[in-house]
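Have a look at the structure below, then the notes.
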Amino acid sequence: MSDSKNTGAVNTAIDANHHLEGALLPILHQVQNNLGHIPADQVGIIAKALNLSRAEVHGVISFYPSFTTSPQGTNVIEVCRAESCQAMGGRKIEATVKSALGVNFEETTECGKFTLEPVYCLGNCACSPTVKINSQIYGRVTSHSVVSLIENLRQAGDQK
Amino acid sequence: MTPRIYIPQDSSAISVGADTVADRLAERLVASLGNKEVEFVRNGSRGLFWLEPMIEVETDAGRVAYGPVGADDVDSLIEQGLLEGAQAHPLSQGLTEEIPYLKNQQRLTFKRIGLIDPLSIRDYQAHDGFKGLKRVITMSCQACVDEVKKSGLRGRGGAAFPTGIKWQTVLDAGAAAGQKYITCNADEGDSGTFADRLQMEADPFALIEGMTIAGIAVGADMGYIYLREEYPHAHAILEQAIAIATEHNFLGKDILGSGKNFNIQVRLGAKAYICGEETSMLESLEGKRGEVRAKPPLPALEGLFGKPTVVNNVISLSSIPIIFAEGADYYKDFGMGRSRGTMPFQLAGNLKQPGLVELGFGVTLHSLLYDYGGGSASGRPLRVVQVGGPLGTYLPESQWQVEMDYEQLAAIKGVLGHGGLVAFDDTVDMSQQARFSMEFCAVESCGKCTPCRIGSVRGVEVIDKICSNEDRDSNLDLLNSLCDTMENGSLCAMGGMTPFPIRSALEHFSDDFK
Ligand SMILES: Cc1cc2nc3c(=O)[nH]c(=O)nc-3n(C[C@H](O)[C@H](O)[C@H](O)COP(=O)(O)O)c2cc1C
Ligand code: SF4
Ligand code: FES
């Protein structure tokens, strides 16, 4: 990805949001959504636009799990680790997904296709256990159904 | 009559295949009916989640339900008379309103969920929507606040603080304070809870109406909904509902000719549990790190951008319309003791019939687990229930006769919190649950105080040592004093209440730690 493309996306996000009260989070969300991460070399532009220091913007980015400074895998797989899912076999789902992908939480597979993230409740507790793959939530999953969802994505190639 | 079919667009229903079912139904009906019309309504869920995807068909006698429907059931359902509401199919549930799980509830705040198309402002009004707001614009601010006080409503986000008193403080801040804000806490981070999500997805206008009433009552013209990022579907629905309400002059300038203005914006969180704590939420809304503020000052006096601010949970605010539509006395008549009105209990975890059960305070935990929940999903005996989210106590069977109200739970060292119940069967290892509580605190701590930030990390280590029988007695003592330090030395309930589930696990299930 070229730097100018990144800068373009960052400027678009700034233009769209800088008039809002408390504009920093909306800007960071838009950049994260469009670029898949918030490139470290763009922090200065955001800081300047909002009259903040770079350190302040860095501080906010590092506080929130949603914001990342390096690119994530093509597919992001989130497994719910919270209590309702635990009660319905979530720990087993966690272990199954880790071994199917060969990575731990907060890691990306070597091929770059999958990033695995923990999540603490998706509000889908009445259909536990739950995983989220990209923007889609899946309820009442089993080890078998999760593995086949992952296999489909592996074969489908770089789809998001 | 054109047959009308309802298929929920709720995100839990979708997570178990509602969209696929809807597509299959549409495809098959077009093929078999030719030009004859069928009307599809994507409603919200009725909250009977074990039956999702639950489809309903309108009949002369009322709506009949089928569930849980898979895409593969569609053909046989149509063959066996789905469009006529025939009840021969094994998935038939009969008249929806007669399903005991629903029939025995006291749906006030959630009276419209699943009944209506969430984005039809006409449906909303046909079911008493905006009746409360229309009354409010004829009342004085003080009379509005008095009505809320009289209803006995206490915050449903967890702390159970009387809503009317909070509003009074913001009203009393006076016009000299300048800008005031209404903020809606839609961060719903507690595991085992989904009432906010269901409310926003199935009946978003009720939240909008509740916030608008709050704004008019305390003299605020700006509202923010702080919504967790994990709820993209609720986000899309809220944005549309806000646009529709504005178009119809229920929001915006000179609302219904009253001379009052009120606007709402949605802001997204960024996966930090602590941002559900009200002062952390305000920091986050201001675009900062979500670090908890010391109180005082109260947010009601110095809240968002230092201005007087109401912070209320989604359910607190969504309960406001019915309080004004039916009157405070009507609402107050439900419930028991000092817990007035209804609570949306959220049945989750290892239960056969998980879902939303709205009832007056005072139902026993046992009744929720068995009369509604139907016992365990696994078929094994239930062993323990965590009530009130990740910071809530684990309650053993000997305590299941407790009547669910704020005071009765407090008497057994429990908390009701946001009303979530997570049931576990007898395969649960309570030492691992206790360990997870510490781990969760370590992950989600905002980092401001040492007992919470460091104590939780130490806590995980100590529990591991206890479980591997390393210096057992002295490590148990250490865990206890660590819990004391966290309870006494933390700025907020994250560190202060993490010991609750841990202590209850140790007290009632000490054998699991061997
Ligand atoms: C760690 C922590 C997390 C919280 N999370 C939420 C939440 O997700 N939603 C919520 O409404 N209240 C949450 N609260 C409670 C809020 O601080 C606050 O009491 C509430 O939003 C006030 O609204 P209410 O009076 O209508 O309940 C949390 C509190 C703590 C200490
Ligand atoms: S108790 Fe924990 S979450 Fe609360 S203010 Fe202290 S460090 Fe932050
Ligand atoms: S605990 Fe997993 S979705 Fe709520």
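Every chain is numbered from 1, with letters handed out A, B, ... down the list of sequences. The figures here come from the full heavy-atom set of this structure, side chains too, leaving out hydrogens, waters and symmetry mates. The model shown is predicted, which means the values in this text are computed figures rather than measured ones.
- For B/Asp10, no part lies under 4.5 angstrom from a heavy atom of chain A.
- Contacts of B/Glu188 with chain A are absent, with no heavy-atom separation under 4.5 Å from either backbone or side chain.
- Only the side chain of A/Phe67 has a heavy atom closer than 4.5 Å to any heavy atom of chain B.
- Within the 4.5 Å cutoff, side-chain heavy atoms of B/Glu444 are placed close to those of A/Tyr120.
- Heavy-atom distances place the side chain of B/Cys275, and not its backbone, under 4.5 Å from chain A.
- Heavy atoms of A/Pro26 lying under 4.5 Å from chain B belong exclusively to its side chain.
- Pairs of residues two or more places apart, or lying in two chains, that qualify as salt bridge (Lys or Arg N to Asp or Glu O under 4.0 Å) and include a residue from residues 116-136 of chain A are A/Glu78-A/Lys132.
- B/Thr498 places a side-chain N or O within 3.5 Å of a backbone atom of B/Met494 that can act as its donor or acceptor partner.
- A donor-acceptor pair is defined here as one N or O able to donate and one able to accept, closer than 3.5 Å; such a pair exists between the side chain of B/Asn185 and the backbone of B/Asp187.
- Most heavy-atom pairs under 4.5 Å with chain B: of the set A/Leu122, A/Ile27, A/Leu52, this distinction falls to A/Leu122.
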Are B/Thr393 and B/Gln386 close enough, and set up right, to give a side chain to side chain donor-acceptor pair (under 3.5 Å), and what steps lead you there? CA-CA 6 Å; B/Thr393 313; B/Gln386 187 177 32; over 6 Å; no
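- With contacts defined as side-chain heavy-atom distances shorter than 4.5 Å, the pair B/Leu304/B/Met222 does not qualify.
- Here B/Pro390 is the residue among B/Gly447, B/Pro390, B/Pro232 with the most heavy-atom pairs under 4.5 Å with chain A.
- Heavy atoms of B/Glu439 lying under 4.5 Å from chain A belong exclusively to its side chain.
- Ranked by heavy-atom pairs shorter than 4.5 Å toward chain B, the options A/Gly22, A/Cys127, A/Pro129 are led by A/Gly22.
- Between A/Ala23 and A/Asn17, the shortest heavy-atom contact is CB-O, 3.3 Å.
- Residue pairs meeting the salt bridge (Lys or Arg N to Asp or Glu O under 4.0 Å) criterion with at least one member in residues 41-70 of chain A, sequence neighbours excluded, do not occur.
- When atom types are taken as modelled, the side chain of B/Glu52 and the backbone of B/Met54 share a donor-acceptor pair closer than 3.5 angstrom.
- Side-chain contact between B/Ser11 and B/Glu201 is present, with at least one heavy-atom pair separated by less than 4.5 Å.
- Counting only heavy atoms from C-beta outward, the side chains of A/Val60 and A/Leu28 approach each other to under 4.5 Å.
- Residue contact with chain A, scored on non-hydrogen atoms closer than 4.5 Å, involves the backbone and the side chain of B/Ser12 alike.
- In terms of non-hydrogen atom pairs under 4.5 Å with chain B, the most contact-rich of A/Ser62, A/Ala87, A/Cys80 is A/Ala87.
- Along residues 88-104 of chain A, the residues that come nearer than 4.5 angstrom to chain B, judged on non-hydrogen atoms, are A/Met88, A/Arg91 in order of number.
- Exactly one of A/Leu153, A/Thr74, A/Ile133 qualifies for a side-chain contact (heavy atoms from CB on, under 4.5 Å) with A/Phe114. That residue is A/Leu153.
- For chain A, the nearby parts of B/Leu268 are the backbone and the side chain; heavy atoms of each come within less than 4.5 Å.
- At a threshold of 4.5 Å between non-hydrogen side-chain atoms, the residues A/Thr12 and A/Gln30 count as touching.
- B/Tyr273 does not touch chain A: none of its heavy atoms, backbone or side chain, sits under 4.5 Å away.
- Looking only at heavy-atom pairs under 4.5 Å with chain A, the residue among B/Ala13, B/Gly287, B/Gly349, B/Ser15 that has the most is B/Ser15.
- Of the atoms belonging to B/Ser284, heavy atoms from both backbone and side chain fall under 4.5 Å from chain A.
- The candidate with the highest count of non-hydrogen atom pairs below 4.5 Å against chain A, out of B/Glu286, B/Glu291, B/Glu230, B/Lys288, is B/Lys288.
- Across A/His19 and A/Ala16, no two heavy atoms sit closer than the pair CE1-O, 3.1 Å.
- For B/Ile14, the parts sitting under 4.5 Å from any heavy atom of chain A are the backbone and the side chain alike.
- Heavy-atom distances place both the backbone and the side chain of B/Ala272 under 4.5 Å from chain A.
- Between B/Tyr394 and B/Phe500, the closest side-chain pair of non-hydrogen atoms is not below 4.5 Å.
- With a threshold of 4.5 angstrom between heavy atoms, A/Leu20 approaches chain B through its backbone and through its side chain.
- The part of B/Gln265 that comes within reach of chain A is its side chain, from C-beta onward, which places non-hydrogen atoms under 4.5 angstrom from that chain.
- Taking A/Ser128, A/Gly59, A/Ala82 one by one and counting their heavy-atom pairs under 4.5 Å with chain B, the maximum is reached by A/Gly59.
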Could you walk me through whether B/Phe49 and B/Phe194 satisfy the ring pair (Phe, Tyr, Trp, His ring centres under 6.0 Å) test, starting with their C-alpha distance in whole Å, then the side-chain angles of each, then the deciding distance to 0.1 Å, before giving a yes or no? CA-CA 11 Å; B/Phe49 284 109; B/Phe194 45 82; 5.5 Å; yes
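- Between the side chain of A/His18 and the backbone N or O of A/Ile14, at least one donor-acceptor pair lies under 3.5 Å.
- Near-neighbour residues of residues 421-435 of chain B relative to chain A, defined by a heavy atom under 4.5 Å from a heavy atom of that chain, comprise B/Val422, B/Ala423, B/Phe424, B/Gln432, B/Gln433.
- Looking at heavy atoms from C-beta onward, B/Gln179 lies in side-chain contact with B/Tyr181 at the 4.5 angstrom threshold.
- Formation of a donor-acceptor pair under 3.5 Å by the A/Gln72 side chain with backbone atoms of A/Ser70 is not found in this model.
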